[in-house]
Structure formats: structure tokens, C-alpha cells
Number of protein chains: 2
Amino acid sequence: MNSIFETEQAVTSADKTFIKMRGDIVEGNIVAGSKLSEAELSTKYQVSRAVIREAINRLATCHLVERKANIGARVVGLSPEGLVELYQVRESLEGMAARLAAKNMSVDEIGQLKELLNQHYEKVEGSESYYQEAGDVDFHYRIILGSKNSHLISLLLNGIYHLVRMYRVQLGMAGPRVSTAFDEHKNIVSAISNRDEELAEMLMRRHITYSMRNIQTKLTNEKNRR
Amino acid sequence: MNSIFETEQAVTSADKTFIKMRGDIVEGNIVAGSKLSEAELSTKYQVSRAVIREAINRLATCHLVERKANIGARVVGLSPEGLVELYQVRESLEGMAARLAAKNMSVDEIGQLKELLNQHYEKVEGSESYYQEAGDVDFHYRIILGSKNSHLISLLLNGIYHLVRMYRVQLGMAGPRVSTAFDEHKNIVSAISNRDEELAEMLMRRHITYSMRNIQTKLTNEKNRR
DNA sequence: TTTAGAATTATTGTCGACAAAGTTGCTATT
DNA sequence: AATAGCAACTTTGTCGACAATAATTCTAAA
């Protein structure tokens, strides 16, 4: 899926089911806001209800579904408000991640990050609009991992990022903002390279804020079109 | 336990067991770093292994235990590094919470917050060293709730805060810093009251950083004493 | 016709048993 | 005596059945 790491190796049946379901939710195959029937899913994914229940619990910890006792689970709904809330958290956590990355990334890792940036540049130059998704995700992933803070990594990669992807995929975030985003990435790397924690955090926060505004614009345009 | 809200009403058996276990882990009745045997816990809490498993899963989402496939779960270990990582996340999230609280709290809520502060002041004046725990937690809770951001609230209250408490309880955080902290609280409320988002965030971040340094000091003193 | 209540149906929660994987300790060979 | 491999045992993972709770339907009274 995305280049660097397929870290999560599913060993147990619940693992696999969880990952499948998560994909189906993010991609919209299981529609946002819909109710999840354990029995139904059990036949659909060919596993017992026990593993479905475990999968649902894990999805709940990613904030991809919401569970209510004795009532059941529903897929989270997508809304402009939800998007804003999500990005506020993202801004906060990734800002900190950038700060810590500036502090904790090895020179080697920073070198690789610059290398990645060069690859992106070539893609942008060649105006292959490839860039957007995978590249951007890759960039952010490296910085998050560079923070070396396990809590942060877990919250972002196992939690928030799938919801972010869900918004991106289902609201069709392709859009421009490519070259702009590239410059922002470049400046962030520069700050990290200079070990300027403050600046790295600030730039990352701005970068994410801009990105949110970009999505919001599309969201409202989408609305007006109807 | 803490004054404002006993929001989490346990309806199902797994809920209750989860809450009991969480308490036992935070209090140290189940010792940090120890392995959790499902069978053992099953007899201890008088419920089936299924509900123990569910409870353990939820504990894992709070980062209170770590699960490995086909091997089992162990209670998280307490370490200086872990504490630092935890507080970095806390700084980031609660900073954002304070910022959003400055934006989103109603004048009424702000009034109540000031009221709370007055109560604390009386306690501090009368040199009842009551203050520390409950009061501080209460203060932070209100601001977090004041952010009106459901992700933030969930991450902090259902997640991080129990781990924070675990450190506090098990490393015996009583300590001074009472009057100092009180002034910091006052300034934060002041910033929120003035709707100064930037300042509120900055002050909250500092407040948490100081608090971490305070704990760290004790941790190292503790170490040297041995 | 509408609504309150009871009976029925469907869905989630809990349980004990079995399957699969991991761990430990023994045996045999070098 | 040390180690590799096998066997017994322990622990976690998965399953289907039953219990408890919520949703629905039907009936009866206003």
C-alpha cells in the first residue's frame, strides 16, 4: 500500500479480519454511518462472531466505529465538524512529532528524508500528479516515526491516520496544492535538519492547517454543487 | 473518585471488569510489568475468559497493557523514558485543548472554572494540602471538556489520563508545587477568559512541562535514595 | 384511530469447550 | 556435560450455543 512499512503483520484471524474491515470502511465499501451487524459480518468475512467482535473493538479504538452497549456498533459518520476536530488533533500531535523529530532523528534518517523529497521533486517536475497521496503519507510517516515517541506513533499511525485517509478517499481528495505542499515539506525538512524544534513544529502545524482548509474548501464546493 | 463526572456508567459485565482491572493496575494492585493470565484473572474477577479478553483489549487501547499475538498481555512498565514520552503527548494534546477551550467554552463554563479556582484557593490558603490530586485533575478535566473536541476528550480522558494517574499514584506524587501550580492555573483561566487562544495554549504547555520536571526530579531522587 | 402494553423477534453479551500456538522439560546423542 | 529435538503441558485463539437486552409487532383499550 504505502512504501516504507507494512509493519503490521496479521498473525491471528482477528488481525486479518480487522485489517480487511478497516480497509472496507476507509474505502467506503462499508458505508459511513451504517450499522454493523455482527451476524452479517460473520458470514461475510467467514469467521465466527467472536473474531468479528474483536475486530469491531479494535476499529472502535481507531475511532472508525462507535460502539454502544447492548445496541451495537456503527461506522463513524463523515461531517465537516468531524473533519475539523480530527485535524485539530492531527495538528497538535504532528506538530509535536515534528518537534521531536528535529530533536531525535539521526543524521542518517534526515538524509533519507531529503532523498525522499528529491524523488518527490522529480515527480512534481515531470508533472506526474502521482505525488499527492502516497508521497505525502510517506513523508508524514517518516517524521512521525522520527519522533521516536511510541505513544505518538501509536496514536497517529494506528489511530488517527486511517480516519484521515477515510476522509481523503471518500471525499475524493486529489486536488492541486501539490507544488505548494512540496515547498512546505521542504521547509519542514530544512528545519528538522537544522535541529530547529520550534520552527519544525510551527511549520508542520501550518502545513496541516493549510491542508485542512484545502479539504474544507472542497467539502463546501461539493455541497454547493448539489 | 473525582468530583464532576462519573460519566462512564458500566452497563455490561465487561465494562465493570474493565473498570475494576483498570483501577487495580493504576493503583498497583496488579503490578506494573507483570504478565496477565486470562485464566487467572477469570477466576479472580469471577467472569468468563471472554469478558477478561475484552477488558484486556480495552486496557490495551488505554496503553495500560500491551498485547502480543499468541503470547499474551503484560501490564505496561513504568520508566523515566515512558514518563517523558507520555508527558510530551500530554503537553501537545492539552495545549490544544486549552486553545480550543479559550475559543469554545461558554461564559457560563468559564464562570464555573473561576469558581473552582476560588475553592482551590481557600484550600491552599487554609494550607490543607488537600489540593493536589483531585483538584488538579478537576481543573484539567474541565478544560479538556471545554475544548468541545470529542477526539481530544476521548484520547485524554479515556486514554492518557489513566496512565498519568498510574505514574502519579505509583511513584507517590504528592509533593509541593501546590501554590506554584495554583498561580499557573489562574493564569490559564485568565487567558481562557480573555479568549486568548495562543496564550492559553502556551501557558498550558508550560504548566505541563513544569509538572513533568517536578515528577522527574522526584523520580531521580527516588533512584538515588536506593 | 391512536396509544399503551404484552408478546414475539432479532441482536448483543456471556459462557464453556475445543483448536492452535507457544513454553517447558525430558531424552538421547554427540 | 552440552545441546538438539521431541513430547507433554500451558496459554491464547476460535467457535457454537445459550442468556440477557433491545427492537418490533400485535393486541386491546381509550
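Note on naming: letters A, B, ... go to the chains in the order of the sequence lines (proteins, then strands), and numbering restarts at 1 for each one.
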* Separation of A:K16 atom NZ from D:dT14 atom P, in whole Å? -> 9 Å

* Structure fact -> Judged by nearest nucleotide, the residue sitting upstream toward the 5' end of DNA chain D, A:S13 or A:N70, is A:S13

* Determine yes or no for a side-chain-to-main-chain donor-acceptor pair under 3.5 angstrom, with A:S92 supplying the side chain and A:Q88 the backbone. => no

* To do: Could you check A:D15 against A:A69 and say which one's nearest nucleotide on DNA chain D is further toward the 5' end?
  => A:D15

* To do: State whether A:S48 places a side-chain N or O below 4.0 Å from either non-bridging phosphate oxygen (OP1 or OP2) of D:dT14.
  => no

* Global bending angle along the helix from C:dT1-D:dA30 to C:dT30-D:dA1, which compares the axes of five pairs at either end, to 10 degrees -> 10°

* Asked: Given B:H207 and B:H185, is the ring pair (Phe, Tyr, Trp, His ring centres under 6.0 Å) satisfied, shown in steps?
  -> CA-CA 8 Å; B:H207 174 57; B:H185 284 189; 4.7 Å; yes

* Is it true that atom NZ of A:K44 has more than 12 heavy atoms of other residues, nucleotides or ligands lying nearer than 6.0 Å? -> yes

* Quickly work out the B:K35 NZ to C:dT23 C1' distance and round it to whole Å. => 10 Å

* Using a 4.0 Å heavy-atom cut-off across all strands, classify B:I56 as base, sugar-phosphate, or nothing. => nothing

* Asked: Atom CG of A:N57 and atom C1' of C:dT12: how far apart are they, to the nearest Å?
  -> 12 Å

* Is it true that A:R142 and A:E109 make a salt bridge, defined as a side-chain N closer than 4.0 Å to a carboxylate O? -> no

* To do: Would you kindly give the CD-to-C1' distance between A:E54 and D:dT12, to the nearest whole Å?
  => 11 Å

* Is the cationic atom of A:R90 (NZ for Lys, CZ for Arg) positioned less than 6.0 Å from the six-membered ring centroid of A:Y87 and within 45 degrees of its normal? -> yes

* Asked: Under 4.0 Å between a side-chain N or O of A:R67 and OP1 or OP2 of C:dT11?
  -> no

* Asked: Between C:dA10 atom P and A:E38 atom CD, what is the distance in whole Å?
  -> 16 Å

* Closest to the A:R49 side chain, choosing from D:dA17, D:dT12, C:dC15 -> D:dA17

* In whole angstrom, give the distance that lies between atom CZ of A:R53 and atom C1' of D:dG13. => 16 Å

* To do: Round to a whole Å and report the spacing from CZ of A:R58 to P of D:dG13.
  => 9 Å

* Length of the line joining A:Y45:OH and D:dT14:P, which is rounded to integer Å -> 16 Å

* Asked: Is it true that B:E201 and B:K103 have a side-chain N and a carboxylate O under 4.0 angstrom from each other?
  -> no

* If only side-chain N and O atoms of B:T12 are considered, is one of them under 4.0 Å from the OP1 or OP2 phosphate oxygen of C:dT12? -> no

* Compute the ring centroids of B:Y141 and B:Y161, then answer whether they are less than 6.0 Å apart. => yes

